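These notes are about the structure you will find just below.
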Amino acid sequence: MAQERAAATHARTIIPARQTFVLGGKEAGGFQLTARNTSRSTVELLERTATGDTLRIGFLEPQKEVQRAFAPGTSALVHNPAAHRVVMRFQVVGDFRSLPMYYLNANKQHIW
């Protein structure tokens with residue numbers, strides 16, 4: 001059943017200097033993320049579990065791509081440690097109608 005509701009969307013996302021882009025966290029179904037770093041700086045990939053723990057997935061170098069499945073209630077976090085913005089391309093597969101997306105500043109405060 002869930003597979004029938006799965007859909008895909010593509011996005012180009014700018015992550016400002018020293019900020020983190022958060023995708024997911026409150027959705028009832030999981031999602032699959034393909035992330036491509038189209039910038040000149042390496043970004044850090046993390047996962048926030050449904051229980052609130054943050055796990056380091058690794059680093060994504062410039063012009064590289066990664067795919068990862070996220071369970072219901074988890075979040076994908078893409079942290080930009082650079083002093084300049086980075087540009088990411090995302091493909092999200094799943095029921096993303098209620099998929100939260102927002103930014104955290106360097107103090108981990110929700111900004112928009």
Side-chain angles (χ1 to χ4, degrees):
M1 270 308 177
Q3 191 69 358
E4 293 174 15
R5 291 179 26 207
T9 188
H10 299 268
R12 177 181 173 268
T13 302
I14 296 170
I15 304 174
R18 298 183 186 91
Q19 291 186 13
T20 301
F21 179 71
V22 181
L23 178 64
K26 298 193 189 260
E27 67 289 339
F31 62 96
Q32 171 128 0
L33 176 69
T34 301
R36 180 168 181 78
N37 182 355
T38 62
S39 297
R40 56 188 166 105
S41 297
T42 298
V43 296
E44 183 178 16
L45 303 174
L46 305 112
E47 178 177 347
R48 183 178 303 134
T49 67
T51 59
D53 296 326
T54 301
L55 310 172
R56 178 176 285 142
I57 296 171
F59 294 91
L60 188 58
E61 296 176 356
Q63 307 308 315
K64 300 292 182 183
E65 182 176 287
V66 65
Q67 287 186 337
R68 186 171 177 96
F70 290 86
T74 62
S75 302
L77 289 79
V78 182
H79 175 66
N80 173 15
H84 54 272
R85 72 181 192 167
V86 296
V87 180
M88 299 289 298
R89 292 204 181 269
F90 296 118
Q91 177 185 16
V92 180
V93 177
D95 185 3
F96 53 83
R97 292 173 293 179
S98 64
L99 196 66
M101 292 179 254
Y102 58 94
Y103 292 87
L104 299 173
N105 66 16
N107 297 321
K108 308 273 190 251
Q109 296 169 321
H110 184 147
I111 51 175
W112 43 281

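Everything quoted here is computed from the prediction, not taken from an experiment.
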TODO: Over all heavy atoms of both residues, which pair between G30 and P72 is shortest? Give the atoms and the distance, please.
DONE: N-CG, 3.5 Å
Open item on the list: For a quick test of reading the model, state the closest non-hydrogen atom pair linking P62 to S39 and the distance between them.
Closed with: CB-O, 3.0 Å
Does the side chain of [Y] come within less than 4.5 Å of [X]'s, by heavy atoms?
X	Y	answer
I15	V43	no
R48	V22	yes
V66	L45	yes
T20	Y102	no
M101	L23	yes
P81	R18	no
L104	Q19	no
Q32	R68	no

Give, for atom [atom1] of [X] and atom [atom2] of [Y], the distance between the pair rounded to the nearest 0.5 Å.
X	Y	atom1	atom2	result
L33	Q91	CG	CD	9.0 Å
F59	L46	CZ	CG	8.0 Å
M88	R36	CE	CZ	9.5 Å
T38	I14	OG1	CD1	9.0 Å
L77	L55	CG	CG	10.0 Å

Task: Main-chain N/O of A50 paired to T74 side chain as donor or acceptor, under 3.5 Å - done: no
Task: Test of ring centre spacing under 6.0 Å for F21 and F90 - done: yes
TODO: Keeping to residues at least two apart or across chains, list the ring pair (Phe, Tyr, Trp, His ring centres under 6.0 Å) pairs with something in residues 60-83.
DONE: F31-F70
TODO: Report yes or no: do V86 and I111 belong to one cluster of Ile/Leu/Val/Met/Phe/Trp/Tyr joined by side chain heavy-atom distances under 4.5 Å?
DONE: yes
TODO: Could you tell me whether the side chains of E61 and T42 share a donor-acceptor contact shorter than 3.5 Å?
DONE: no
TODO: Scan side-chain atoms only and decide if T49 and T51 contain a donor-acceptor pair under the 3.5 Å cut-off.
DONE: yes
TODO: Go through the steps for R89 and E65 under the test salt bridge (Lys or Arg N to Asp or Glu O under 4.0 Å), then give the verdict.
DONE: CA-CA 9 Å; R89 292 204 181 269; E65 182 176 287; over 6 Å; no
TODO: Kindly indicate, with the supporting measurements, whether the criterion side-chain contact (heavy atoms from CB on, under 4.5 Å) is fulfilled by E47 and R56.
DONE: CA-CA 6 Å; E47 178 177 347; R56 178 176 285 142; over 6 Å; no
